[in-house]
Amino acid sequence: MTASSSHPQPRDPAAHGTPLAVHASTGLSIEDTQRLLNQQARQRAMSSTTGAATTSSHATSLPLLASDAGSAPIRYRSQGRTLLVGTEARVRALASLFSQLPTTLQLPLVLLISDQDNSALVSLDEQHFTTSEALPSHSATRDLLSLKGYLGQFTLTSDGVNLASALLPAISVMQPDGQSSLQHVAHFDLIADLAAQPLNQAELAPPGYLRATEAVLSELDRLASDAQLDAITLPALTEWAAQFSGLVGSFDKPNYVSVNLDVCAHASAGSIGCTRCLSSCSADAIFSVVGRRNAHIEIDPFLCHGAASCVSACPTGALSFTQPPVEQRMEQIQRLLERYQDAGGIYPLLRYRLDTDEAGSATVSVADQERCLDITLDEITATGHDEWLAALALGASQILVELPSTLPAGQRQQLEQERRLTLALLDSMQLATDHHDTSRLVFISSSVEGESAEDSASALPLIAPLCVALAPGADSEEEHQLGLPIARDWLLGRPDERPGKRERLNRVLDHLAGLTAADLAEESVAVPEGAPFGSLAIDTDGCTLCQACVAVCPTTALSANRTSPALSFTQGDCVQCGLCEQSCPEQVITLTPGFAPQPDVRREPQLLKQDVPFPCISCGTPFGSTATITAMQTKLASHAYFQGDGALRLKMCSDCRVKDIWHEMARNPDAQLKV
């Protein structure tokens with residue numbers, strides 16, 4: 001397949017703008033003139049987003065903000081009841097420190113000894129015993145402990161016993177009749193985990209659960225043997241302990257992610273399909289809930305950090321951010337690229353980075369910084385292959401993703417999977433690199449504090465964009481009109497007809513296929529394991545066209561013919577959830593991962609099997625496929641209800657079958673007793 005003339009073709013980006021004219025009037029070299037143009041173009045593009053709604057993945061980040069007025073979708077309430085868990089030496093030393101710090105002096109403390117370290121206990125300063133002697137305490141092995149919950153609602157059980165109810169003092173509660181009564185406290189508000197094996201294994205721990213770092217534990221061990229050490233000599237420990245006082249009160253945050261079960265591919269008809277969101281969540285906030293008839297996905301908003309990996313991993317768009325909508329960031333990318341190129345900038349780099357103070361330092365060379373268009377996120381995992389491909393289709397020459405040094409391993413792995421998938425899709429269209437083998441998607445690491453960009457990064461090779469940013473409705477470069485507002489119908493559609501995530505990705509892939517000069521493969525190419533692209537193999541001889549697969553398909557990749565028994569498959573809509581494979585009663589469907597780079601192969605429905613309708617032998621109305629009726633006759637041949645003349649009922653429609661049963665009962669009332 002060759003490039004379509006209806007799409008803008010790659011060109012020399014230096015031909016865009018007026019660098020030579022500026023050079024003649026300023027006396028600068030061509031390179032210096034173009035760098036100046038790039039600087040000015042970047043300033044113009046970035047200023048175009050000033051005042052626009054935030055492009056962050058959520059409105060606020062943890063740690064939470066205290067709130068005394070109003071209400072938020074998600075609210076935590078904490079009275080500071082704190083559980084210290086670990087070795088006896090460590091928990092008593094920390095309790096002693098809490099009693100000395102003005103900010104933590106009033107926190108109600110409970111000690112839980114879960115680890116044994118007799119050597120440390122021998123050297124424990126006697127003052128720590130004296131200070132913590134009156135505090136409620138309990139000993140339990142780690143294997144018997146089970147922790148659930150979040151800030152203000154932690155439930156810790158030991159061999160089934162609720163430790164909060166057993167160890168915390170009861171509180172007085174006013175009853176409706178004006179009398180007061182004592183009530184047990186069922187939850188801890190805060191957890192200080194000093195144990196060798198943490199109570200919570202999630203990479204992103206719930207709010208209110210503070211796991212001590214190695215630096216904190218090292219200073220705590222020093223304090224355990226010498227109670228005279230102070231905050232100056234224990235800076236890491238003191239700073240960590242001070243966090244607890246800031247987690248007392250009421251705290252608000254948005255409900256980051258919403259679920260649209262109508263397009264979710266997780267489960268159907270009792271079968272479990274896609275689990276990508278479950279495996280990608282670093283906070284263990286997503287659950288598969290088994291209902292009376294089916295399972296479905298639920299997100300615990302109190303555990304959710306808004307890390308966004310689940311939204312990126314979801315192939316159907318069933319998971320989405322409550323604010324802002326994904327179209328908003330797509331529009332921002334369009335605006336940046338169009339205004340940058342309109343102002344004469346060339347080789348635009350689109351850089352994704354965190355919206356934090358640490359992100360202020362440059363992670364690229366000075367020359368590359370001049371052409372960097374930044375998309376700032378609260379979580380770097382808020383972006384993925386669909387957005388990177390769209391950015392390249394909108395005119396970016398290269399995508400840079402800045403990885404924070406503190407990125408958890410699970411999120412780093414998620415981004416690496418997205419990177420491999422992006423490059424695999426581009427490589428299938430021979431667009432992953434330019435003719436100098438320069439990749440269009442690059443991961444870069446945050447610069448080390450105190451290290452300049454010149455010291456940490458060299459200039460990236462220049463790579464021409466696949467196309468130029470076009471104004472609304474323009475189908476070619478010649479029709480590009482400057483200054484028009486952005487609203488690309490080909491990608492986002494009209495505001496009242498926004499495409500879903502999968503359709504938007506298909507549009508991008510179609511657009512990219514039209515930009516390549518290579519002949520695209522007619523067969524599917526390999527994709528990374530777990531990628532939401534592929535086809536299916538079907539044993540047509542064994543298929544009865546029962547349409548069970550059609551009924552469970554969440555994306556209509558499998559479809560039935562309305563006028564005759566048939567089964568069709570559209571590869572571009574398949575997310576490889578596996579529901580069809582599991583739901584097939586004949587077990588004749590097998591998933592085959594892969595990606596078809598040719599749009600007509602990927603987008604056109606493929607007829608898998610077709611059969612002639614079977615007419616009812618009584619009324620003549622077609623009511624199923626011939627293959628289905630034949631299979632029913634074979635499977636029910638030995639059933640007592642379908643013996644003799646009763647076997648003819650398998651060839652009747654449902655209405656005629658009921659009529660025949662009633663006629664038989666009228667003729668022979670005792671016949672029903674024989675079944």
Any donor and acceptor pair, going by atom type alone, linking the side chain of [X] with main-chain N or O of [Y] inside 3.5 Å?
X    : Y    : result
N200 : A202 : yes
S312 : T381 : yes
N162 : A186 : yes
E379 : A308 : no
R42  : P348 : no
R81  : L190 : no
R90  : V85  : no

Inset, instruction - Please check if the distance between the ring centroids of F533 and F595 is under 6.0 Å. - result: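 Yes, they do, as the ring centres are separated by less than 6.0 Å.
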
Inset, instruction - Test side chain to side chain donor-acceptor pair (under 3.5 Å) on S245 and T104 and set out the steps. - result: CA-CA 6 Å; S245 61; T104 58; over 6 Å; no

Inset, instruction - Using a cut-off of 6.0 Å, state whether more than 12 heavy atoms not belonging to Q201 lie near its atom CD. - result: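 More than 12 within 6.0 Å, yes.
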
Legend entry - Modelled atom types, side-chain donor and acceptor of Q414 and R276, under 3.5 Å: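 No, no side-chain donor-acceptor contact under 3.5 Å.
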
Inset, instruction - Before accepting this row, confirm whether a basic side-chain N of the pair R335/E331 lies closer than 4.0 Å to the acidic partner's carboxylate O. - result: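 Looking at E331 together with R335, the answer is no, because their closest N to O distance does not fall below 4.0 Å.
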
